[in-house]
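What follows is a short report on a single structure.
Order of appearance sets the numbers: ligands from 1, and atoms from 1 within every ligand. Computed from a predicted model, the values in this text were never measured in an experiment. Residue numbers count from 1 along this sequence.
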Amino acid sequence: MGKDLPEHKNPFYFVSKTDRRDFLKICLTAAASIGLSATAGVRIAEAAAAGVLRPSVIWLHFQECTGCTETLLRSSHPDVGKLILEMISLDYHETLLAASGYQAEAALHETMEARKGEYILVVEGSIPTKDGGVYCKIAGKTAMDSLAEVSKNAAAVIAIGSCASFGGLAAAEPNPTGAVGVSELVKDKAIVNIPGCPPNPYNFLGTVLQYVVLGTLPELDAELRPTFAYGRTIHEHCPRRAHFDAGRFAEKYGDDNHKQGYCLYKIGCKGPATGANCSTRNFGDTDSWPIGVGHPCIGCTEKNLLWRTALHDTVDIEHPTGPATYPPIVPEREGISPVATGVAGLVGGALIGAGVVAAKKLENKDDDNQKEV
Ligand code: SF4
């Protein structure tokens, strides 16, 4: 049944290519990544097996390093092979496409025509606008023209990576090509930004799968980022947070405190001002992520941090106290610098010992229950 249908319309295509257990596992993982329950994951699996059409995806590359595609290729829960071959129909992708030249252009235009109003456009890279956009041309067309042409009949646009979201490295001062993100140019479509340099592939997969199965796009914040992934700061769930609360900081790269795994705030960590789920959803199915290996967060998911702020600069602390549920930690140092941490003005000049920390938390208990930390 259904064997005469083209693959993208065959409701049994999913289950014919993957055994049921693997498929269920993919759906449960995807549901979890977008903040849905296991029950919802099972519903996703049932909906997919019942015949949800694979959405057509057109993926355009502009000014970028292809790191976003690379990081997607290295995801494994679900891996990109399953994503591409079973969940979506990746009809045009300049890096992965076997075809080239006129054949590739034909694939692009056939998809745009056959899936008019249905396809998802994914954009990787920023768009140069200076001098008529001459700094990035593909098939004789500027990136600006290609974006306008392909986005015109797209159902939605996903800007993957910080370059497509906010301009990225190419837009750093003095921005010689006039690079901008997708939302600066496309004004009449639903746009989802998945920033990061590179972005976490789970955030992209979760967004796509919500669209595929539920037919909706995720809730977005003011920067058009899905709140399920960018709604909380890295600092809130950082494994080094206890050291921050206790006033234990690396003072410079390679010092004893750095080797002890202390907080990286003083050497420029942007985690307190960076909305992202890196601290809870690591990259590449390992525990490896920048803060995990001793490098401060560079704020790559934030429009005004990445390439706009020096690596060593510290950011303002908006929520200086830890949650009241944190156990007290006795600091090994006398106290911390109010200038360096930005905390002292709020806690009376210094955090001296765990007793002060605990007392402060008790004082602010009511407040802490009402605000994010
Ligand atoms: Fe983690 Fe950075 Fe916050 Fe320190 S400042 S707890 S390293 S996110």
### Query
Which N, O or S atoms belonging to the protein are less than 2.8 Å from atom 1 (Fe) of ligand 1?
Cys238 SG
### Task
Take Thr66 and Glu124 through the side-chain hydrogen bond (donor to acceptor under 3.5 Å, both in side chains) test and state the conclusion after the steps.
CA-CA 8 Å; Thr66 314; Glu124 183 174 347; 4.8 Å; no
### Task
Please examine the side chains of His93 and His61, heavy atoms only from C-beta on, and report whether any two atoms are closer than 4.5 Å.
yes
### Message
How long is the straight-line distance from NE2 of His312 back to SG of Cys269, given to the nearest 0.5 Å?
### Response
14.5 Å
### Message
Just verifying a value: how many Å separate Arg232 CZ and Thr280 OG1, rounded to the nearest 0.5 Å?
### Response
9.5 Å
### Query
Taking NZ, NE, NH1 and NH2 as the nitrogens, is one of them in Glu302 or Lys270 under 4.0 Å from a carboxylate oxygen of the other?
no
### Query
Members other than Leu169 in its cluster, when Ile, Leu, Val, Met, Phe, Trp, Tyr link by side-chain heavy atoms under 4.5 Å?
Ile298, Leu306, Trp307, Leu311
